[in-house]
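Excluded from the calculations below are hydrogen atoms, water molecules and symmetry mates; all remaining heavy atoms, backbone and side chain alike, are included. Keep in mind that what you see is a predicted model, and the values were worked out from it rather than measured.
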Amino acid sequence: MRPVATRLSEVAKYAGYSEATVSRVLRDVPGIGEDTRNAVLTALDVLGYQRPTRHRRELGSLVGMVLPDLHNPIFPAYAEAMAGALVRRQLIPVLCTRTADGVSEAHYIEMLLARKVAGIIFVGASYADAGPEQTKALRARKLPIVLINEADVNLGVPRVAVDDAVAVDLALTHLRELGHRRIGLIVGPRGHVPSERKLAEFRRLVDGPDRQRLVAHTMFSIAGGQTAIAPLLAAGATAAVCASDTLALGAIRGARKQGLRVPEQLSVVGFDDSVYMPMMDPPLTTVRQPIAAIGVAAVNSLVAQIERRPVTLEEELFEPELIVRDSTAACPA
């Protein structure tokens, strides 16, 4: 166990208060403001220290983590980040993911509500898509909810997301520095919020009469990326920016089926930086989501709602990072 002085120093630094103030909170000295107390207690939670007895949350509170699937490595990564943050807050994470045999988001919401969960975090989804009855039940219960990278527009709900516009800007800047001028974009279905945001930034930064021919909408899958790259190549694209690593891998497969070499004849940029991308052939250049930071921010927002503290309804955006590997190279002459 770390010395008390070390713990006080860590908590004080994280909370932004003096060690004397932290000590007063831990000893439950009267006269401490509510904001100060909450900041110190939150610091204890985040750093993994136990709260004073009277401020401990009842053990056993469940929190649902609703994910689209576990096939895309980015979703298990989010689940891991959120689970760790929830456990540090003495909350029990419950993983809920759609299955091929028909277990849907609506089914999970019904089960979670029946077990009186403390709240739900939706990743890459939209609670409004669950169905009118489930949506009505969630609203009636005023259940704490947070959306990560929401799939559809959901105003009035706390939302945390990666900044898709910055992601496209990073990818395009990188490819242009390599000499590429005809750059394509592969995104998800129309109406999908992260895809629409990436498309809007692409249109802002890319001009020309053929711009529309350099955009392809598809499903988020290897097959989707493989199909989508064909019209972009026909339009003369020498590089492609993809809305997920899965789409990027599909685009590489599609290019190779046409006899093209990556990156010598086509550069490809993915999005997510999921766990196996450094081991691909070639290792994938991609835009990394700050998964840990987003997961912790979502949990912080959910806990604030559980504790009936005010939360912002303005979307909280996190900047991604370009990770350059071997799937991009100078534009062919």
Side-chain angles (χ1 to χ4, degrees), residues 68-69 71-75 78 123-126 129 147-154 159 161-176 180 182-208 210-255 262 266-274 277 284-289 294 315 317-323 327-328:
D69 62 67
H71 301 296
N72 186 335
I74 199 68
F75 295 130
Y78 266 117
V123 182
S126 165
D129 282 345
L147 305 181
I148 293 179
N149 294 335
E150 60 175 339
D152 300 294
V153 176
N154 292 270
R159 291 158 292 148
V162 64
D163 195 323
D164 292 293
V166 171
V168 170
D169 195 356
L170 288 171
L172 288 178
T173 299
H174 170 63
L175 291 170
R176 284 170 170 168
H180 295 276
R182 295 190 66 79
I183 303 170
L185 177 70
I186 300 177
V187 290
R190 287 178 174 81
H192 178 250
V193 167
S195 294
E196 293 295 340
R197 290 175 175 175
K198 290 182 178 74
L199 177 57
E201 183 69 2
F202 181 82
R203 286 173 172 167
R204 189 181 75 82
L205 297 174
V206 175
D207 202 358
D210 292 336
R211 183 178 65 179
Q212 191 56 42
R213 295 178 61 213
L214 291 169
V215 174
H217 290 271
T218 187
M219 300 303 295
F220 283 100
S221 65
I222 294 284
Q226 182 174 332
T227 301
I229 194 64
L232 302 189
L233 294 174
T238 62
V241 176
C242 304
S244 76
D245 290 339
T246 303
L247 288 176
L249 296 180
I252 292 173
R253 176 185 289 182
V262 176
L266 178 72
S267 287
V268 178
V269 179
F271 177 78
D272 286 338
D273 193 28
S274 40
M277 295 310 103
L284 187 69
T285 294
T286 186
V287 180
R288 175 183 293 166
Q289 291 199 50
I294 291 175
E315 187 173 37
L317 294 177
F318 286 77
E319 287 201 5
E321 175 188 4
L322 179 69
I323 306 299
S327 65
T328 51

Value for CG (Leu185) from CZ (Arg211), rounded to nearest 0.5 Å, stands at 11.5 Å
Where do Ser221 and Gly224 come nearest, in terms of heavy atoms and distance? OG-N, 2.9 Å
Taking the side chain as C-beta and beyond, is there a heavy-atom pair between Ser195 and Lys198 under 4.5 Å? no
Is the side chain of Thr218 donor-acceptor paired with the backbone N or O of Gly225 at a distance under 3.5 Å, no angle test? no
Taking C-beta and beyond as the side chain, do Val268 and Ile229 meet within less than 4.5 Å on heavy atoms? no
For residues Ala161 and Arg197, report the shortest heavy-atom separation together with the two atoms involved. CB-NH1, 4.3 Å
I want to check something: taking the side chain as every heavy atom from C-beta on, are Leu249 and Arg253 in contact at a cut-off of under 4.5 Å? no
Heavy-atom closest contact (Ala255 atom, Leu233 atom, distance): CA-CD1, 4.2 Å
What's the spacing between Asp273 CG and Arg288 CZ if we round to 0.5 Å? 4.5 Å
Please give me the minimum heavy-atom distance between Gly191 and Asp152, naming the atom from each residue. O-OD1, 3.9 Å
If you round to the nearest 0.5 Å, how far is CG of Asp164 from CG of Leu317? 8.5 Å
Atom of Ala237, atom of Leu214 and distance for their closest heavy-atom approach: CB-CD2, 3.9 Å
Can you tell if the side chain of Glu201 reaches within under 4.5 Å of the side chain of Asp169, non-hydrogen atoms only? yes
If you take all heavy atoms of Ala235 and Arg213, which pair is closest and at what distance? CA-NH2, 3.4 Å
Residue set satisfying side chain to side chain contact (heavy atoms under 4.5 Å, CB included) with Thr227, at least two apart, ordered chain then number -> none
Rounded to the nearest 0.5 Å, how far apart are CG of Leu284 and CD1 of Ile323? 11.0 Å
Under 4.5 Å between any side-chain heavy atoms of His217 and Leu199, yes or no? yes
Euclidean distance, Leu170 CG relative to Thr285 OG1, rounded to 0.5 Å: 12.5 Å
Side-chain heavy-atom pair Tyr78, Ile294 within 4.5 angstrom cut-off: yes
Verify whether one side chain among Thr328 and His174 offers a donor that lies under 3.5 Å from an acceptor in the other. yes
Does the side chain of Val215 come within less than 4.5 Å of Phe202's, by heavy atoms? yes
Can any side-chain N or O of Asp245 pair as donor or acceptor with the backbone N or O of Ser274 at less than 3.5 Å? yes
Should Arg176 and Ile183 count as side-chain neighbours, where that means a heavy-atom distance under 4.5 Å? yes
Applying the side chain to side chain contact (heavy atoms under 4.5 Å, CB included) criterion to Phe271, which one of Leu247, Val241, Ile74, Val162 satisfies it? Val162
Sidechain-backbone polar pair: Gln289 side chain, Asp272 backbone, donor-acceptor under 3.5 Å: no
